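What follows is a set of notes on a single structure, which appears directly below.
These figures come from a predicted structure and were not determined experimentally. Start at 1 and go down the list; that is how both ligands and their atoms are numbered.
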Amino acid sequence: MAPVLRALAARGFAQHIVLTGQHGGLRPHIPPALQADTAEIGFDPAHLSAGEIREHLRDRLRPAMLAASPAIVLVQGDTSSALAGALAAHDSRLPIGHVEAGLRSHHPTDPWPEEIHRIVIDRIATLLFAPSETALRNLRSERVRGQAIVTGNSGIDALLATTDAMGTVERDSGARRLILVTCHRRENRGDRLTGIAAALRRLVDELPVRVLLPLHANPHVAGPIRDLLGGSKHIELVPPLDYEATVRLLRQCWLVLTDSGGLQEEAPAFGTPVLVLRDATERTEPCPCLKLVGADPARIYREVRALVDQPHLYETMATPAFPFGDGAAGPRIAEAIARWLERA
Ligand SMILES: CC(=O)N[C@@H]1[C@@H](OP(=O)(O)OP(=O)(O)OC[C@H]2O[C@@H](n3ccc(=O)[nH]c3=O)[C@H](O)[C@@H]2O)O[C@H](CO)[C@@H](O)[C@@H]1O
């Protein structure tokens with residue numbers, strides 16, 4: 001969201017930013033000039049269900065909204081926080097703008113609860129900022145009442161700005177090809193995670209590859225991965241990386257295996273192939289770099305082996321693509337809000 005906040009500030013909009021704390025400390029990512037306008041709701045989500053998080057935040061956010069009485073409330077993505085913010089704004093009769101509107105896997109329970117969150121937010125939003133034409137078509141087919149436009153995703157703005165500042169980064173050229181792995185989704189816990197871990201162990205045992213796996217901040221996710229893969233040769237588990245280190249790795253690695261939505265958007269910008277460890281994805285835009293492979297260990301092994309054994313197959317996937325935005329989402333969103341206010 002930082003690119004959106006900067007673009008709004010550049011147009012002279014006053015902003016009141018509320019961090020819910022659902023995903024840990026995000027304050028460092030707020031532009032310094034806006035830190036004074038940023039408040040944090042201190043709460044510990046660790047022992048709450050998605051529904052309890054939503055209702056707790058909805059109750060906490062509503063008074064802040066009524067006090068600030070904004071022209072519009074912006075929410076980003078599909079988390080419980082995003083839905084809570086939209087519902088609190090709806091309760092307060094305030095207009096809602098949704099950043100990353102229209103993403104659909106078309107499976108109500110995969111991802112759960114994010115797919116339903118997105119659908120509900122888009123039903124009550126006034127302005128809907130879609131990352132792609134595919135997302136816009138999803139919104140039109142649902143006959144949303146708000147104004148939907150394609151802006152691109154602000155995550156690509158942040159990615160390109162970080163990449164520009166970073167300069168040249170060479171691909172890793174070690175004897176073992178580097179595979180970046182992240183795995184944190186609810187759907188991949190339990191037996192699926194056990195299967196993914198077995199696939200990773202077989203890959204490093206039988207192929208000239210090595211795995212780097214940044215653990216997720218959620219201990220319920222990191223713990224089982226440590227139990228399954230800790231101490232495995234050629235599999236390196238590291239604490240969560242900062243954003244710049246993650247972008248650098250996306251540029252260096254040979255392949256990404258992930259269930260993350262953001263990485264599905266970011267890796268293609270560098271032409272880094274991604275095998276998606278999910279059965280369904282909301283990133284359905286045509287993109288040569290992305291392939292859905294699920295969590296079956298034999299399928300994961302087969303897909304990675306094919307890329308090792310068939311260089312032409314790898315080269316076909318390793319084509320840079322920007323289906324989720326061109327790096328100008330922030331300014332487009334600010335422009336759309338300014339135009340809407342002029343007409344309001
Ligand atoms: C269903 C779904 O897919 N929903 C997505 C989900 O986000 P996600 O699945 O992409 O979540 P993660 O993968 O955890 O984070 C991603 C970001 O974090 C960076 N990163 C990662 C590992 C690390 O060690 N250090 C880092 O810096 C990485 O580069 C990237 O920018 O919720 C968002 C909010 O609602 C949604 O917008 C988004 O659609």
Under 4.0 Å to a heavy atom of P214 - the qualifying atoms of ligand 1, by number: 24 (O)
So, are R299 and E303 salt-bridged, with charged N and O less than 4.0 Å apart? yes
The side chain to side chain donor-acceptor pair (under 3.5 Å) partners of R251 (sequence neighbours excluded) come to none
Which of the numbered atoms in ligand 1 are under 4.0 angstrom from any heavy atom belonging to T79? 34 (C), 35 (O)
Please state whether H216 comes within less than 4.0 angstrom of ligand 1, counting heavy atoms only. yes
With R145 via side chain to side chain donor-acceptor pair (under 3.5 Å) - residues at least two apart: none
Numbering the atoms of ligand 1 from 1, which are under 4.0 Å from a heavy atom of G262? 8 (P), 10 (O)
Would you check whether E244 reaches within less than 4.0 Å of ligand 1, judged by its heavy atoms? no
Chi angles and distances behind the side chain to side chain donor-acceptor pair (under 3.5 Å) call for Q22, R54: CA-CA 10 Å; Q22 179 185 350; R54 181 188 67 236; over 6 Å; no
Hey, is R104 close enough to D122 for a salt bridge, meaning N to O under 4.0 Å? yes
Check each atom of ligand 1 against the heavy atoms of Q76 and keep those under 4.0 Å away; list them by number with element. 34 (C), 35 (O), 37 (O)
Note the single closest protein heavy atom to atom 36 (C) of ligand 1, along with its residue, its atom name and the distance in Å. E100 OE1, 3.4 Å
Please check if a non-hydrogen protein atom sits closer than 4.0 Å to atom 18 (O) of ligand 1. no
Could you tell me the separation between the CG atom of L237 and the CD1 atom of I225, rounded to the nearest 0.5 Å? 7.5 Å
One finds that the ligand 1 atoms under 4.0 Å from a non-hydrogen atom of L263 are 28 (C), 29 (O)
Less than 3.5 Å between some nitrogen or oxygen of E266 and one of ligand 1, yes or no? yes
Does any non-hydrogen side-chain atom of W254 lie less than 4.5 Å from one of L180? no
Test item, T182 contacting ligand 1 (heavy atom, 4.0 angstrom): no
Look at R185 together with E114 and state whether they make a salt bridge at an N to O cut-off of under 4.0 Å. yes
Between the side chains of D279 and R192, is the shortest nitrogen-to-carboxylate-oxygen separation below 4.0 Å, so that they form an ion pair? yes
If you count the atoms of ligand 1 from 1 in the order shown, which ones are under 4.0 Å from a heavy atom of H184? 9 (O), 11 (O), 12 (P), 13 (O), 14 (O)
What is the closest protein heavy atom to atom 16 (C) of ligand 1, and at what distance does it sit? S260 OG, 4.0 Å
Can we say D259 and R278 salt-bridge, meaning some charged N sits less than 4.0 Å from an Asp/Glu carboxylate O? no
Among all protein heavy atoms in this structure, tell me which lies nearest to atom 35 (O) of ligand 1, with the distance rounded to 0.1 Å. D78 OD1, 3.0 Å
Verify the contact flag for atom 7 (O) of ligand 1, where contact means a protein heavy atom under 4.0 Å away. no
Given L180, T246, L241, which has its nearest heavy atom closest to atom 21 (C) of ligand 1? T246
Q264 near ligand 1, heavy-atom distance under 4.0 Å? no
For the pair E100 and R283, evaluate salt bridge (Lys or Arg N to Asp or Glu O under 4.0 Å) and give the outcome as yes or no after the intermediate values. CA-CA 11 Å; E100 197 181 88; R283 272 71 180 184; 3.6 Å; yes
Looking only at N/O atoms, are G77 and ligand 1 under 3.5 Å apart anywhere? no
Between D172 and Q252: side-chain donor-acceptor atoms closer than 3.5 Å: no
Criterion salt bridge (Lys or Arg N to Asp or Glu O under 4.0 Å) on R332 and E335, from CA distance to verdict: CA-CA 5 Å; R332 284 196 191 94; E335 162 74 14; over 6 Å; no
If you measure from each heavy atom of R283 to ligand 1, is any distance below 4.0 Å? yes
Close approach of P111 to ligand 1, heavy atoms, under 4.0 angstrom: yes
Pick one of side chain, backbone, both or neither for how R278 approaches ligand 1, counting any non-hydrogen atom pair under 4.0 Å. side chain
I'd like to check whether G261 has a polar contact with ligand 1, where a contact means an N/O of the residue lying under 3.5 Å from an N/O of the ligand. yes
